[in-house]
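Right, one structure below, let's go through it.
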Amino acid sequence: METIATSKAHGGVQGVYRHASKATGTEMSFAVFVPEHEAGAKLPVVWYLSGLTCTHANVMDKGEYRRACAELGLIFVAPDTSPRGEGVPDDPDGAYDAGLGAGFYVDATQEPFAKNYRMWSYVTEELPALIAAEFPADPARQSIMGHSMGGHGALTIGLTYPDRYKAVSAFAPIGAPSQVPWGHKALAMYLGDDRAVWRKHDAVALIEDGARLDELFVDQGMADNFLTEQLRPELLEAACAKAGIGLTLRRQPGYDHSYNFISTFMEDHLRWHAARLR
């Protein structure tokens, strides 16, 4: 692991790091905030998965999480959203909603993406092992959250590994990618046309197929340009109600899809996570 940069913030350390990933076959960068802590202490970890076009830098620069993480004693980890580098394939049309910056947190099976686009394995296996080895992280106390495409990733990963993640939340998640254009494109591109395969990477479908969590926490801006076509929170709401999952879905009037929305409610999410990571 190579340290790209570190700086002190709220008594802790904000760092950006890089390593050679076996999962993606590329170098991968990620951000970690470690709060001030006693020597030898192991701290709970909150994973934050970013959305389309983002890297670790978006939430690091605009998410406003460090003060709350310092107060609550939380390590905050922000991976990249896709593999990058020379030879890594992109969307053939150069669009923003698949390819570079849009790995959708799946392990691709379709060419030319199968070699590098293994973000599910990277986020659930490789990077957690690295974080546990290199930082004062407690693997028994992990939670996960995300925004938009990253909200999709947080929900599907949390539903798949309910014993690992003590809390799961999202900002404006793509909760039912099998039923919206972003998901139709990305899941077909990475996983092929068999929609039965898509269900393992669709929060609503996972719930319909029996996956369970005690509770979920979601914030959705009601001035979000993507609300009605791509996000459709009512589908997640209906699935949770039918399955008996305790969903707190806060519809926030006037808020859009941006980090102005996320930063406004970031502290609420971190406090919610911290209460469940104690």
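Side chains included, hydrogens not; waters and symmetry mates left out as well; all remaining heavy atoms used.
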Would you say Glu215 has more than 12 foreign heavy atoms packed within less than 6.0 Å of its CD?
->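 Enclosed: over 12 neighbouring heavy atoms sit under 6.0 Å from CD of Glu215.
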Heavy atoms from other residues, nucleotides or ligands near CD of Glu38 exceed 12 (cutoff 6.0 Å) |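 At most 12 heavy atoms, drawn from other residues, nucleotides or ligands, come within 6.0 Å of this atom.
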For residues 3-17, run the donor-acceptor check on the side chains, cut-off 3.5 Å, and write out each pair with its distance to 0.1 Å, sequence neighbours left out.
{"unit_1": "Gln14", "atom_1": "OE1", "unit_2": "Tyr65", "atom_2": "OH", "d": "2.6"}
{"unit_1": "Gln14", "atom_1": "OE1", "unit_2": "Arg66", "atom_2": "NH1", "d": "2.8"}
{"unit_1": "Gln14", "atom_1": "NE2", "unit_2": "Val32", "atom_2": "O", "d": "3.3"}

Look at the side chain of [X] and the backbone N and O of [Y], then say whether any donor-acceptor pair between them is shorter than 3.5 Å.
X      : Y      : value
Thr81  : Gly101 : yes
Arg84  : Glu27  : no
Gln230 : Trp182 : yes

For a side chain to side chain contact (heavy atoms under 4.5 Å, CB included) with Leu72, tell me which candidate from Glu267, Arg271, Arg67 qualifies.
-> Arg271
Report the C-alpha distance between His257 and His147 in whole Å, list the side-chain angles of each, state the deciding distance to 0.1 Å, and finish with yes or no for ring-ring contact (aromatic ring centres under 6.0 Å, His included).
-> CA-CA 9 Å; His257 201 67; His147 170 232; 4.5 Å; yes
Relative to the ring of [Y], is the ring of [X] parallel (under 30°), tilted (30 to 60°) or perpendicular (over 60°)?
X      : Y      : answer
Phe217 : His269 : parallel
Tyr190 : Phe104 : tilted
His152 : Tyr105 : tilted

Can you tell me if His273 and Ser169 form a side-chain donor-acceptor pair at under 3.5 Å?
->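 The answer is yes; a qualifying pair exists.
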Polar contact flag, side-chain donor to acceptor under 3.5 angstrom, Asp202-Ser178 | yes
Indicate, with yes or no, if Leu231 and Leu236 share a hydrophobic cluster defined by side-chain heavy-atom contacts under 4.5 Å among Ile, Leu, Val, Met, Phe, Trp and Tyr.
-> yes
With Glu125 via side-chain contact (heavy atoms from CB on, under 4.5 Å) - residues at least two apart |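 Expected list: Ser121.
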Would you mind listing every salt bridge (Lys or Arg N to Asp or Glu O under 4.0 Å) that reaches into residues 126-154, with sequence neighbours excluded?
-> Asp138-Arg141
Which residue pairs pass the salt bridge (Lys or Arg N to Asp or Glu O under 4.0 Å) test when at least one of the two sits in residues 90-107, sequence neighbours left out?
->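 Listed by first then second residue: Asp91-Lys185, Asp97-Lys185, Asp107-Arg118.
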May I have all residue pairs that pass side-chain hydrogen bond (donor to acceptor under 3.5 Å, both in side chains) and include part of residues 235-249, sequence neighbours excluded?
-> Glu237-Arg251
Exercise answer: donor-acceptor pairs, residues 44-55 side-chain atoms, under 3.5 Å, sequence neighbours excluded:
{"unit_1": "Trp47", "atom_1": "NE1", "unit_2": "Gln142", "atom_2": "OE1", "d": "2.8"}
{"unit_1": "Tyr48", "atom_1": "OH", "unit_2": "Tyr259", "atom_2": "OH", "d": "2.9"}
{"unit_1": "Thr55", "atom_1": "OG1", "unit_2": "Ala57", "atom_2": "N", "d": "3.0"}

Start with the C-alpha distance between Lys200 and Thr156, add both sets of side-chain angles, then the distance that settles side-chain contact (heavy atoms from CB on, under 4.5 Å), and finish with yes or no.
-> CA-CA 8 Å; Lys200 293 182 179 180; Thr156 56; over 6 Å; no
